[in-house]
Number of protein chains: 2
Amino acid sequence: MPDTARISRIRSGRRTDIRQQNERLILEAAERVFAEAGFGGATMQLIADMAGLPKANLHYYFPTKEALYRRVVQNIFEIWLDAASSFDGAAGPVEGIGAYVRAKMDISRRHPHGSKVWAAEVMHGAPVIQDYLETTLRAWTEGRMAVIQRWIDEGKMAPIDPRHLLYMLWATTQHYADFGHQIETLNAGEALSDRQWREATESVTQIILRGIGAI
Amino acid sequence: MPDTARISRIRSGRRTDIRQQNERLILEAAERVFAEAGFGGATMQLIADMAGLPKANLHYYFPTKEALYRRVVQNIFEIWLDAASSFDGAAGPVEGIGAYVRAKMDISRRHPHGSKVWAAEVMHGAPVIQDYLETTLRAWTEGRMAVIQRWIDEGKMAPIDPRHLLYMLWATTQHYADFGHQIETLNAGEALSDRQWREATESVTQIILRGIGAI
DNA sequence: GTCTATATTCGGATAGAC
DNA sequence: GTCTATCCGAATATAGAC
């Protein structure tokens with residue numbers, strides 16, 4: 001029955017397309033609402049309205065509010081892990097840390113909502129992603145600490161505690177996303193321009209690279 | 001009627017004592033619950049249980065959940081404003097910024113809940129304290145930027161953008177409170193010891209003071 | 001000033017028609 | 001796969017006895 005098979009494939013294909021598109025719509029809306037209202041303050045109704053779908057559809061694609069939230073948090077974590085590659089294969093701290101700061105500042109600009117959701121999740125004791133902290137993040141951190149320690153041993157930077165350097169990199173770059181509203185208020189109520197983002201990235205990079213004696 | 005007057009004074013005095021003590025109990029519990037669950041996730045019942053009072057008493061002292069939250073946020077803001085004095089009257093960046101970092105790291109350690117509540121409030125667009133950002137915080141920021149600029153003009157530090165230096169100071173110090181759970185997880189699940197707090201403060205201070213060319 | 005009982009609203013989740 | 005109508009639990013807030 002080639003005919004019905006073809007129709008079935010097409011139908012199935014369309015269904016998959018609709019599913020993927022709707023899931024994306026829902027996840028984008030959810031990221032924004034969770035960031036702006038917190039998990040407890042977010043409502044499925046608000047997310048549905050922002051996604052342009054009836055509330056019941058959300059429960060069709062994501063069984064519970066928590067399942068939807070979990071996916072949002074996972075998405076952000078993966079984006080940050082990708083940025084980790086900037087760190088690897090660098091000859092020294094100037095290239096490695098410079099690239100990492102640029103990558104993370106770029107993420108802060110393009111995914112401010114995701115960064116805020118992550119921050120809130122950690123502030124609340126990481127009820128949903130504690131396992132990621134203990135496995136993936138811990139391994140990642142120890143790997144980069146080893147790289148930094150090697151740079152220190154090779155005389156490419158001052159003997160800074162690698163752990164606190166990493167915390168400083170996370171804190172300074174994510175601050176531009178998480179506290180973006182405060183920064184905007186102190187910028188006469190205006191969002192940072194392209195030029196201001198470049199200046200911010202440059203300032204952060206310069207202070208840190210000088211601070212660790214790499215330049 | 002000296003007798004009744006005395007009794008009345010005593011009664012009134014006791015009432016005031018009870019009021020102050022209960023308000024303090026409620027505010028401490030509220031700070032913790034708001035920090036760990038967010039405004040939307042916090043419940044008056046949970047705060048009441050943690051304060052050891054019946055729920056209705058909370059509504060006697062604070063008319064609404066939002067009024068209670070507002071007081072918590074204001075408390076934190078005042079604590080940070082006090083720390084601002086570390087900045088003033090310093091001969092140069094080594095003393096001024098050094099003292100400010102120490103003061104803010106100390107607050108991150110002693111008031112982690114308050115710091116988290118503030119962070120969440122800002123992340124949500126500062127619905128409650130937007131006026132503080134536009135008045136008090138803006139004035140404070142401009143004042144310190146002028147001080148930093150003077151240090152630059154006097155050749156006491158490199159020509160860093162004062163604004164981004166301030167953001168870095170806020171980001172790095174508050175990170176130890178707001179992301180304390182992540183830091184603890186990466187510290188084998190242990191809270192930082194006295195010694196580790198000193199090392200963290202020292203690392204932050206050293207990197208920043210070197211980074212701005214002050215040492 | 002304290003506390004029990006309750007009114008009322010709101011939001012997550014689902015049933016069931018289409 | 002979509003969506004309306006609805007259930008039900010939970011949480012804020014208050015009434016009113018003590």
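Residue numbers begin at 1 in each chain, while the letters A, B, ... track the order of the sequences.
Nucleotide C:dT14 holds its P atom 13 Å from the CG atom of A:Leu58, rounded to whole Å. Following rounding to the nearest Å, A:Phe39 (CZ) and C:dG11 (P) show an atom-to-atom distance of 14 Å. The OH atom of A:Tyr60 sits 16 Å away from the C1' atom of C:dA17 (whole-angstrom rounding). Between B:Leu68 atom CG and D:dA13 atom P there is a gap of 10 Å when expressed in whole angstrom units. What separates CG of A:Asp49 from C1' of C:dG12 is a distance of 15 Å, to the nearest Å. Distance CZ (B:Phe62) to C1' (D:dT14): 18 Å, rounded to an integer number of Å. Rounded to a whole Å, the CD atom of A:Glu23 is 10 Å from the P atom of D:dG1. The nearest whole Å value for the distance from the CG atom in A:Asn57 to the P atom in D:dT2 is 5 Å.
Closest approach to the A:Ile18 side chain among D:dG1, D:dT12, C:dC3 is made by D:dG1 (side chain taken as heavy atoms from C-beta onward). Considering only the side chain of B:Thr43, D:dA11 comes nearest among D:dA11, C:dT14, C:dA13. Distances from the side chain of A:His59 to the nucleotides C:dT4, C:dT14, D:dA13 place C:dT14 closest. Closest to the B:Pro54 side chain, of the nucleotides C:dT4, D:dT12, D:dC3, is C:dT4. Checking D:dG1, C:dA13, D:dT2 against every side-chain atom of A:Lys65, the shortest atom distance belongs to C:dA13. Of the candidates C:dG11, C:dG1, D:dA13, C:dG1 carries the atom nearest the B:Arg19 side chain, counting heavy atoms from C-beta on.
There is a side-chain donor-acceptor pair under 3.5 Å between B:Gln130 and A:His181.
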For this session: Evaluate salt bridge (charged side-chain N to carboxylate O under 4.0 Å, His left out) for B:Glu142 paired with B:Arg138, printing each intermediate quantity in order.
Result: CA-CA 6 Å; B:Glu142 283 166 9; B:Arg138 189 176 285 173; 5.2 Å; no

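Within a 6.0 Å sphere centred on CD of B:Gln149, other residues, nucleotides and ligands contribute more than 12 heavy atoms. Counted within 6.0 Å of CD on B:Glu95, heavy atoms from surrounding residues, nucleotides or ligands total more than 12; the atom is thus considered enclosed.
Ring geometry for A:His175 against B:Tyr167 counts as tilted: the plane angle lies between 30° and 60°, on a 0 to 90° scale.
Among the protein residues, A:Ala42 comes within range of the sugar-phosphate backbone only, with heavy atoms under 4.0 Å from sugar or phosphate atoms but none that close to a base.
The side chain of B:Tyr61 places an N or O atom within less than 4.0 Å of a non-bridging phosphate oxygen (OP1 or OP2) of C:dT2. For A:Asn22 and D:dT2, the shortest distance from a side-chain N or O to OP1 or OP2 is below 4.0 Å.
One N or O donor and one acceptor, one from the side chain of A:Lys55 and one from the base of C:dG12, sit under 3.5 Å apart.
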